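Input: a single structure, listed below in structure tokens.
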Amino acid sequence: MSVKGIKKIAIVGTGAIGGYYGCKLAKAGVDVHFLARSDYQYIQSHGLKVASAKGQDISVDPVNVYNDSKDMPQCDLILITLKTTSNDQLNELLKPLLHEKSLLCSLQNGYGLEHYLSQVFPQASIIGGLCFICSQKVKPGIIDHQDFGSIRLADYNAGAERLSDVAELFTQAEVPTQTSDSLTKARWEKLVWNVPFNGLSVVLNAKTDAMLNKDSTRALIKEIMLEVIQVARVHAADIDNDFADKLIELTDGMAAYYPSMKVDYDLKRPMELKDIYQATLNAAYEKGIAMPKTEMLLELLTFMDHS
Ligand SMILES: NC(=O)C1=CN([C@@H]2O[C@H](COP(=O)(O)OP(=O)(O)OC[C@H]3O[C@@H](n4cnc5c(N)ncnc54)[C@H](OP(=O)(O)O)[C@@H]3O)[C@@H](O)[C@H]2O)C=CC1
Ligand SMILES: CC(C)(CO)C(=O)C(=O)O
């Protein structure tokens with residue numbers, strides 16, 4: 001299966017989200033090439049599996065898997081699914097995959113990621129993707145899919161037509177996909193969730209439900225959300241304060257969940273503090289806005305960080 005010029009797809013980082021979306025695409029018949037690291041040999045011998053609490057198990061075997069991007073073919077769409085803490089490796093990792101018309105799409109959490117990509121790859125066409133999914137790589141080659149799975153795509157500099165081609169590809173792979181007119185707004189809306197929940201789950205050693213079931217932490221989550229919304233607005237992302245209540249209600253209905261940052265902390269991996277927290281605070285300082293609660297949360301997380 002392919003859509004217009006998008007025939008070969010690279011998954012750069014076969015973890016929780018790379019493994020999940022890569023398997024969805026491969027199962028739909030797309031020619032997918034996976035870059036893996038620690039579980040490269042396991043995936044080569046046993047394939048990749050998504051074990052889904054939502055009844056969407058997927059098994060892909062054999063898998064086009066590589067442990068060196070220099071062995072991979074050039075690809076039409078490159079999905080960046082590493083943790084942002086590895087983004088300094090992107091120049092090296094992506095170079096062999098690029099041809100003149102390759103499209104880059106980061107599915108990572110954080111702010112300013114497309115700007116960073118455009119600086120490292122000035123000729124590249126770039127779109128952005130936000131995934132709303134709860135998943136975790138629990139064992140080599142095994143992705144535990146706990147909830148959700150949708151993607152929201154928005155253009156950075158590739159143009160509306162290429163954006164809609166990528167959306168069509170995900171839709172055909174049965175991934176609920178939306179496009180948004182504003183990548184800036186889509187990224188800020190995601191940060192409204194990530195900034196409070198990711199960090200507080202680490203500091204409080206708590207899942208989403210425990211944090212929301214106590215009045216004091218529920219109020220703190222909302223206050224941090226409102227700090228993020230205030231900064232989003234001065235960066236041309238028109239988000240109402242009501243959005244905080246909507247996200248909190250949505251999270252009430254979600255399976256109790258440790259966000260991806262908590263998983264990193266527990267596994268003694270570096271946390272995505274620079275791209276989720278420091279980038280948000282820098283955007284606030286740039287406009288002379290204070291974010292005292294977010295700032296304090298980052299100080300606590302920096303103390304706890306294993307890197
Ligand atoms: N998990 C989730 O539910 C969600 C995550 N996100 C965001 O998605 C992004 C990815 O997160 P997630 O999928 O959880 O992360 P994971 O850690 O599960 O996956 C990242 C993968 O990249 C691999 N990797 C890292 N460096 C290299 C390298 N040099 N060469 C090859 N492979 C490499 C890692 O390999 P190894 O296995 O060896 O470590 C790992 O498998 C983050 O920005 C996160 O915030 C967004 C929404 C939900
Ligand atoms: C919002 C959520 C839970 C899912 O997309 C996430 O971004 C994360 O775990 O970091």
Side-chain angles (χ1 to χ4, degrees), residues 10-23 33-43 48 50 52-53 65-72 79-94 96-97 105-111 113 116 128-152 186-187 189-202 207-209 211 221 225 247-248 250-251 254-277 279:
I11 300 285
V12 177
T14 307
I17 64 163
Y20 177 81
Y21 291 111
C23 278
H33 297 262
F34 295 82
L35 180 67
R37 191 170 56 182
S38 55
D39 52 356
Y40 158 72
Q41 272 178 338
Y42 181 93
I43 297 171
L48 259 173
V50 172
S52 173
V65 63
Y66 309 80
N67 63 356
D68 188 335
S69 64
K70 292 191 197 79
D71 299 329
M72 294 173 76
L79 296 175
I80 301 168
T81 52
L82 305 164
K83 282 274 155 52
T84 54
T85 46
S86 299
N87 277 3
D88 56 349
Q89 299 170 32
L90 285 176
N91 191 10
E92 200 62 29
L93 294 176
L94 263 53
L97 308 177
C105 177
S106 162
L107 293 179
Q108 301 161 305
N109 283 326
Y111 184 63
L113 303 176
Y116 173 74
L130 290 307
C131 12
F132 200 71
I133 182 166
C134 301
S135 67
Q136 191 188 340
K137 184 161 81 180
V138 283
K139 283 188 203 156
I142 314 272
I143 313 300
D144 175 26
H145 171 230
Q146 296 157 36
D147 215 344
F148 304 112
S150 63
I151 283 198
R152 198 166 172 203
R187 284 232 165 262
E189 285 185 345
K190 189 80 197 286
L191 286 165
V192 175
W193 198 95
N194 290 130
V195 171
F197 281 107
N198 288 32
L200 286 175
S201 72
V202 173
K207 289 190 176 176
T208 45
D209 62 336
M211 294 190 276
I221 285 163
M225 286 183 166
L247 275 193
I248 288 173
L250 182 86
T251 313
M254 200 164 117
Y257 180 61
Y258 280 136
S260 51
M261 186 169 280
K262 168 71 171 152
V263 174
D264 285 336
Y265 176 74
D266 287 346
L267 294 173
K268 299 197 170 8
R269 295 180 186 149
M271 294 185 281
E272 295 179 295
L273 301 183
K274 175 169 155 278
D275 293 284
I276 296 180
Y277 287 91

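Just so it is clear, the model here is predicted, and its values are computed rather than measured. Only this structure's heavy atoms are used, side chains among them; waters, hydrogens and symmetry mates stay out. Order of appearance sets the numbers: ligands from 1, and atoms from 1 within every ligand.
- Given atom 10 (O) of ligand 2, the protein heavy atom at minimum distance is S260 OG, 2.7 Å.
- Ranking the protein heavy atoms by distance from atom 16 (P) of ligand 1 puts K83 NZ, 3.8 Å first.
- A distance-only check finds a donor-acceptor pair linking the side chain of T81 to the backbone of V12 [under 3.5 Å].
- The part of K190 lying near ligand 1 is the side chain, judged by heavy-atom distances below 4.0 Å.
- When each atom of ligand 2 is checked for a heavy atom of P259 under 4.0 Å away, the hits are 9 (O).
- Checked by distance only, ligand 1 and G18 stay at 3.5 Å or farther apart across all their nitrogen or oxygen atoms.
- Judged purely by atom type and a 3.5 angstrom limit, K137 uses its side chain to pair as donor or acceptor with the backbone of T14.
- The two residues I43 and G141 have their closest heavy-atom pair at CG1-CA, 3.9 Å.
- Listed by atom number, the atoms of ligand 1 under 4.0 Å from T14 heavy atoms are 41 (O).
- Summarising the geometry of Y257 relative to M254, their closest heavy-atom pair is CD2-CE, 3.6 Å, with the distance given to 0.1 Å.
- Defined by atom type and a distance below 3.5 Å, a donor-acceptor pair is missing between the side-chain atoms of E272 and N198.
- In terms of heavy atoms, G199 sits closest to Y277 at N-OH, 2.8 Å.
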- Message: What verdict does the side chain to side chain contact (heavy atoms under 4.5 Å, CB included) test give for M225 and I248, after you've listed the backbone C-alpha separation in whole Å, the side-chain angles of each residue and the deciding distance to 0.1 Å?
- Response: CA-CA 10 Å; M225 286 183 166; I248 288 173; 3.9 Å; yes
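- Proximity to A36 (heavy-atom distance under 4.0 Å) selects the following atoms of ligand 1: 31 (C), 32 (N).
- For atom 23 (C) of ligand 1, the closest non-hydrogen atom on the protein side is G13 CA, 3.8 Å.
- Near L35, the atoms of ligand 1 lying under 4.0 angstrom from a non-hydrogen atom of the residue are 30 (N), 31 (C).
- For D264, no nitrogen or oxygen atom sits less than 3.5 Å from a nitrogen or oxygen atom of ligand 1, counting backbone and side chain alike.
- At a heavy-atom cutoff of 4.0 Å, ligand 1 is contacted by no atom of V12, backbone or side chain.
- In this structure, of I276, N109, L90, the residue bringing a heavy atom nearest to atom 6 (N) of ligand 1 is N109.
- Rounding to the nearest 0.5 angstrom, the gap separating the OG atom in S106 from the CG atom in D275 is 9.0 Å.
- Counting only heavy atoms of the protein, atom 6 (C) of ligand 2 lies nearest to N194 ND2, 3.5 Å.
- For atom 3 (C) of ligand 2, the nearest non-hydrogen atom of the protein is Y257 CE2, 3.2 Å.
- If you check which protein heavy atom lies closest to atom 18 (O) of ligand 1, you get A16 N, 2.9 Å.
- Closest protein heavy atom to atom 28 (C) of ligand 1: Q89 OE1, 3.8 Å.
- Close approach of ligand 2 to N198 is summarised as follows: ligand atoms under 4.0 Å from at least one heavy atom of the residue are 10 (O).
- Contact detail for M72 and L97: the closest heavy-atom pair is CB-CD2, 3.4 Å.
- The single protein non-hydrogen atom nearest to atom 41 (O) of ligand 1 is K137 NZ, 3.0 Å, given as residue, atom name and distance.
- When heavy-atom distances to ligand 2 are checked against a 4.0 Å cut-off, K190 comes that close only through its side chain, counted from C-beta outward.
- The aromatic rings of W193 and F132 lie perpendicular to each other, with more than 60° between the two planes, well past the 30° mark.
- Note that CG of L273 is 5.0 Å distant from CE of M261, once rounded to the nearest 0.5 Å.
- Residue Y116 comes nearest to D88 through the heavy atom pair OH-CA, 3.7 Å, listed as atom of the first residue, atom of the second, then distance.
- In the vicinity of S38, heavy-atom distances shorter than 4.0 Å reach the ligand 1 atoms 36 (P), 37 (O), 38 (O).
- Nearest to atom 4 (C) of ligand 2 among the protein's heavy atoms is I133 O, 2.9 Å.
- Proximity of Y257 to ligand 1 is established by a heavy-atom distance of less than 4.0 Å.
- The closest donor-acceptor contact from the side chain of D144 to the backbone of V138 lies at 3.5 Å or more, if one exists at all.
- The nearest heavy-atom contact from the protein to atom 26 (N) of ligand 1 is R37 NH1, 3.2 Å.
- Inter-residue side-chain proximity for N109 and S260 is flagged as met; some heavy-atom pair is nearer than 4.5 Å.
- Using a 4.5 Å heavy-atom threshold, the side chains of L113 and R187 count as touching.
- In the vicinity of C131, heavy-atom distances shorter than 4.0 Å reach the ligand 1 atoms 47 (C).
- In this structure, K207 satisfies the cation-pi test against Y258, with its NZ or CZ atom closer than 6.0 Å to the six-membered ring centre and inside 45 degrees of the ring normal.
- When every heavy atom of A16 is checked against every heavy atom of S135, the shortest pair comes out as O-OG, 3.2 Å.
- Less than 4.0 angstrom separates some heavy atom of C134 from each of these atoms of ligand 1: 3 (O).
- Proximity of N87 to Q108: side-chain heavy atoms (C-beta onward) are separated by under 4.5 Å at one or more points.
- What sits closest to atom 2 (C) of ligand 2 on the protein, heavy atoms only, is W193 CZ3, 3.9 Å.
- Within ligand 2, counting atoms from 1 as listed, the ones closer than 4.0 Å to a heavy atom of C131 are 5 (O).
- M261 does not count as a contact of ligand 1, since none of its heavy atoms falls under 4.0 Å from the ligand.
- Scanning all protein heavy atoms for the shortest distance to atom 42 (C) of ligand 1 gives E272 OE2, 3.2 Å.
- Nearest to atom 33 (C) of ligand 1 by heavy-atom distance, out of N198, D144, L82, N87, is L82.
- With a 4.0 Å heavy-atom cut-off, ligand 1 is reached by no atom of Q136.
- Residue R269 has at least one heavy-atom neighbour below 4.0 Å for each of these atoms of ligand 1: 17 (O).
- The closest approach between any non-hydrogen atom of M271 and ligand 1 is not below 4.0 Å.
- At the top of the distance list for atom 1 (N) of ligand 1, counting protein heavy atoms only, stands S135 O, 3.0 Å.
- With ligand atoms numbered from 1 in the order given, ligand 1 contributes 29 (N) to contacts under 4.0 Å with heavy atoms of L93.
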